[in-house]
S.K.: 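Take this structure first; my questions come after.
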2 protein chains.
Amino acid sequence: MVDQFRQFLTRFVDLTDPEWQALEKHLTSKTMPKKGFLIQQGQTATEINFLLSGSCRLFYERDGNEKTTYFFFENNLVGDYLGCLTNQPSTLSIQALEDCKLICFRYEVLTALYQQFPAYQLFGRKLAEYLFMGLDIRLAELLTLSPEERYLKFIGTPAKRKIMERIPQQYIASYLGVTPVSLSRIRRRIHPS
Amino acid sequence: MVDQFRQFLTRFVDLTDPEWQALEKHLTSKTMPKKGFLIQQGQTATEINFLLSGSCRLFYERDGNEKTTYFFFENNLVGDYLGCLTNQPSTLSIQALEDCKLICFRYEVLTALYQQFPAYQLFGRKLAEYLFMGLDIRLAELLTLSPEERYLKFIGTPAKRKIMERIPQQYIASYLGVTPVSLSRIRRRIHPS
DNA sequence: TCAACTTCTTAACAAAAGATAATAAATCAG
DNA sequence: CTGATTTATTATCTTTTGTTAAGAAGTTGA
């Protein structure tokens with residue numbers, strides 16, 4: 001269970017046993033049923049979770065309308081990283097799309113480890129760089145590709161295509177920056193049947 | 001001159017004199033005339049610059065069409081940070097919008113300092129977190145606001161409004177995710193005169 | 001199994017945006 | 001100063017998207 005999380009960390013940094021144990025002792029297990037909320041608009045984020053299994057969506061609510069902008073899957077972190085950094089009340093919500101098993105720790109624990117261990121300071125940098133890269137590429141795609149091109153690129157990426165099989169299409173629409181109705185029309189244009 | 005850069009660094013981290021000198025000895029001065037290129041599509045980014053004065057735009061070219069997605073101003077870093085992280089040929093270009101004075105250093109110098117000094121490792125994390133925050137907020141705005149709302153938010157932010165006085169409107173249009181013609185129409189709708 | 005709910009598609013209409021081109025305004029360089 | 005270039009606006013037309021609503025298809029849970 002926690003090994004799965006330790007394995008994830010090695011994607012960014014090698015940890016000695018004592019370093020790992022310094023984090024491990026602060027970990028707790030959690031489950032969240034489908035449609036449950038990890039955080040809701042207005043709350044202040046204090047925790048980061050590791051997704052052992054399941055999936056979540058991140059969305060913003062504007063006048064009764066939900067805009068899903070991000071998805072989280074197993075073997076990745078899930079949480080309001082921006083909220084943890086700024087310590088401001090969150091403008092977003094994170095909801096389970098499937099039943100989730102989680103490993104939970106307070107963000108403060110992580111920042112404390114940043115001070116105590118160079119390895120975690122390195123991890124913190126690698127993590128932020130990793131998240132930056134994802135956003136930078138995504139932003140460029142949003143600004144340079146048309147909705148139709150974005151959809152084609154999305155289904156052309158094997159990892160993303162698998163997402164479509166697990167996530168309702170309406171959420172993918174808003175991830176791509178269009179309405180569900182519009183995505184349905186784009187699909188009809190592309191897959192004439 | 002270099003003091004201006006050192007001052008910038010203190011926004012992220014406090015450096016001792018020896019720490020600062022370890023970086024300072026690798027710094028070089030550069031100027032770039034208006035319309036000059038800091039990096040062009042296809043090149044591999046190896047340098048980061050600090051903008052002493054002037055401004056630049058970052059753009060992508062797609063079938064003869066340029067999409068400007070980011071601006072750089074004095075007292076900030078300018079460069080292809082993603083390219084430095086991935087070490088892959090760049091898909092973007094950075095061009096001076098005004099005559100620029102720069103302080104230049106190789107990205108390798110920075111990563112070497114990450115290893116040598118905890119203070120720079122901390123700086124690297126803070127920098128990545130800072131860049132992440134900017135992108136995260138921007139992505140959310142792109143996905144949740146209409147073009148008109150994005151323009152209103154843009155001119156409603158004093159710091160951004162000042163940008164409008166220095167940057168041709170066509171570039172701001174594409175920064176906001178619309179064509180120059182469309183931004184002109186949005187402005188007419190909003191400022192009826 | 002079956003009713004309730006969710007999701008996707010389709011239609012019809014209005015609104016907005018893209019493309020192209022022409023003109024006006026502003027800026028720049030010799 | 002002035003011709004050349006760059007930039008912004010406006011018009012026209014086409015395409016796309018948003019909105020709303022209805023119906024079909026699929027899923028879920030008691």
Side-chain angles (χ1 to χ4, degrees), chain A residues 33-36 54-55 57 59-68 71 95-99 142-155 161 163-193, chain B residues 33-36 54-57 59-69 71 95-99 142-155 161 163-193:
Chain A
K34 184 173 174 172
K35 299 197 181 177
S55 57
R57 72 184 178 110
F59 69 93
Y60 297 85
E61 192 179 334
R62 305 200 347 105
D63 32 70
N65 202 318
E66 293 179 356
K67 305 265 191 177
T68 298
F71 302 113
Q95 184 181 36
L97 292 168
E98 304 169 312
D99 291 340
L142 266 174
L143 287 172
T144 62
L145 303 179
S146 68
E148 184 166 321
E149 290 169 322
R150 296 201 291 273
Y151 173 71
L152 284 169
K153 188 150 202 169
F154 187 88
I155 60 169
R161 160 173 259 141
I163 294 177
M164 285 220 65
E165 293 157 18
R166 284 172 71 176
I167 306 286
Q169 189 176 302
Q170 56 179 314
Y171 300 136
I172 292 167
S174 104
Y175 177 89
L176 293 173
V178 295
T179 60
V181 176
S182 191
L183 179 55
S184 188
R185 282 188 293 225
I186 288 169
R187 281 162 55 81
R188 184 172 34 155
R189 286 205 298 268
I190 290 172
H191 317 289
S193 60
Chain B
K34 184 172 174 172
K35 299 196 180 176
S55 58
C56 301
R57 71 183 177 111
F59 68 93
Y60 296 85
E61 192 179 335
R62 305 200 347 103
D63 29 72
N65 201 318
E66 293 179 357
K67 306 265 191 178
T68 298
T69 65
F71 302 112
Q95 185 182 35
L97 292 169
E98 304 169 312
D99 291 339
L142 267 174
L143 288 171
T144 62
L145 303 179
S146 68
E148 184 166 323
E149 289 169 323
R150 297 201 290 273
Y151 174 70
L152 283 169
K153 188 151 203 168
F154 188 88
I155 59 170
R161 159 173 260 140
I163 293 178
M164 285 220 64
E165 293 157 19
R166 283 172 70 176
I167 306 286
Q169 188 175 303
Q170 55 179 316
Y171 300 136
I172 292 168
S174 101
Y175 177 88
L176 294 173
V178 296
T179 60
V181 175
S182 192
L183 179 56
S184 189
R185 284 188 291 226
I186 288 169
R187 281 163 56 82
R188 186 174 31 158
R189 285 204 299 267
I190 290 172
H191 318 288
S193 60

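In the text below, chain A, chain B and the rest are named by the order of the sequence lines, each starting its count at 1.
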S.K.: Please state how far atom CZ in R57(A) lies from atom C1' in dT6(C), giving the value in whole angstrom units.
M.R.: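 Spelled out: CZ on R57(A) to C1' on dT6(C) is 13 Å.
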
S.K.: Just how far is it from atom CG of L142(A) to atom CG of L143(B), taken to the nearest 0.5 Å?
M.R.: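 These two atoms lie 5.0 Å from each other.
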
S.K.: So which protein N/O to nucleotides 18-20 of chain C N/O distances come out below 3.5 Å?
M.R.:
unit_1: dG18(C); atom_1: OP2; unit_2: T179(B); atom_2: N; d: 3.3
unit_1: dG18(C); atom_1: OP2; unit_2: T179(B); atom_2: OG1; d: 3.1
unit_1: dG18(C); atom_1: OP2; unit_2: S182(B); atom_2: OG; d: 3.4
unit_1: dG18(C); atom_1: N7; unit_2: R185(B); atom_2: NH2; d: 2.8
unit_1: dG18(C); atom_1: O6; unit_2: R185(B); atom_2: NH1; d: 3.2
unit_1: dA19(C); atom_1: N6; unit_2: R185(B); atom_2: NH1; d: 3.4

S.K.: Sub-3.5 Å donor-acceptor pair from the side chain of T179(B) to the main-chain atoms of S182(B), do we have one?
M.R.: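 Yes.
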
S.K.: Does NZ or CZ of R57(A) fall inside the cone over Y171(A)'s six-membered ring, less than 6.0 Å from its centre and within 45° of the axis?
M.R.: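 Yes, R57(A) and Y171(A) form such a contact.
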
S.K.: Using modelled atom types and a 3.5 Å cut-off, is there a donor and acceptor pairing between side-chain atoms of D99(A) and backbone atoms of P33(A)?
M.R.: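 Looks like no, no N/O pair under 3.5 Å.
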
S.K.: Run through F71(A), F59(A), Y151(A) and flag the one making a ring pair (Phe, Tyr, Trp, His ring centres under 6.0 Å) with Y175(A).
M.R.: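 It is F71(A), the one option of F71(A), F59(A), Y151(A) that forms the ring pair (Phe, Tyr, Trp, His ring centres under 6.0 Å) with Y175(A).
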
S.K.: Over all strands shown, is P147(A) touching base, sugar-phosphate only, or nothing at heavy-atom distances under 4.0 angstrom?
M.R.: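 Touches sugar-phosphate only.
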
S.K.: Rounded to whole angstroms, how far apart are CG on L145(A) and C1' on dT16(D)?
M.R.: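 That distance rounds to 16 Å.
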
S.K.: Taking only the side-chain heavy atoms of R188(A) (C-beta and beyond), determine which of dA11(C), dT16(D), dT10(D) contains the nearest atom.
M.R.: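 Among dA11(C), dT16(D), dT10(D), the one nearest the side chain of R188(A) is dA11(C).
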
S.K.: Which whole-number value in Å describes the distance from I186(B) CD1 to dA15(C) C1'?
M.R.: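 Nearest whole value for this atom pair: 13 Å.
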
S.K.: Go through dT9(D), dT9(C), dC28(C) for me and flag the one nearest to the R187(B) side chain.
M.R.: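 Nucleotide nearest to R187(B)'s side chain: dT9(D).
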
S.K.: Check the distance between dG18(D)'s C1' and R62(A)'s CZ and give it to me in whole angstrom.
M.R.: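 It is 14 Å, rounded to the nearest whole Å.
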
S.K.: Can you tell me the distance, in whole Å, between the CD1 atom of I190(B) and the P atom of dA17(C)?
M.R.: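 Taking atom P of dA17(C) as the reference, CD1 of I190(B) is at 10 Å.
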
S.K.: Are any of Q169(B)'s side-chain N or O atoms less than 4.0 Å away from OP1 or OP2 of dT7(D)?
M.R.: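 Looking at the OP1 and OP2 atoms of dT7(D), neither is under 4.0 Å from any side-chain N or O of Q169(B).
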
S.K.: Rounded off to whole Å, could you give me the CD1-to-P distance for the I172(A) and dT9(C) pair?
M.R.: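 Atom CD1 in I172(A) sits about 11 Å away from atom P in dT9(C).
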
S.K.: Which nucleotide in the list dT17(D), dT6(C), dT7(D) gets nearest to the side chain of Y171(B)?
M.R.: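 Of the options given, the side chain of Y171(B) lies nearest dT7(D).
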
S.K.: Rounded to the nearest 0.5 Å, what separates atom CD1 in I163(B) from atom CD1 in I172(B)?
M.R.: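 The CD1 atom of I163(B) sits 7.0 Å away from the CD1 atom of I172(B).
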
S.K.: Where the side chain of E61(B) meets the backbone of E66(B), is there a donor-acceptor pair that is under 3.5 Å apart?
M.R.: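 Not confirmed, E61(B) side chain does not pair with E66(B) backbone.
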
S.K.: Between atom CD in E149(B) and atom C1' in dG18(D), what is the gap in whole Å?
M.R.: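 Interatomic distance, CD of E149(B) to C1' of dG18(D): 13 Å.
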
S.K.: Starting at CG of L176(A) and ending at P of dT17(D), how long is that distance when rounded to a whole Å?
M.R.: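 Answer to the nearest Å: 12 Å.
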
S.K.: Heavy-atom nearest nucleotide on DNA chain D for P168(B) versus S146(A): which residue maps closer to 5'?
M.R.: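 The residue closer to the strand's 5' end, by nearest nucleotide, is P168(B).
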
S.K.: Which residue lies toward the 5' end of DNA chain C, E148(B) or K34(B), if each is placed at its nearest nucleotide?
M.R.: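 Nearest-nucleotide comparison on DNA chain C picks E148(B).
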
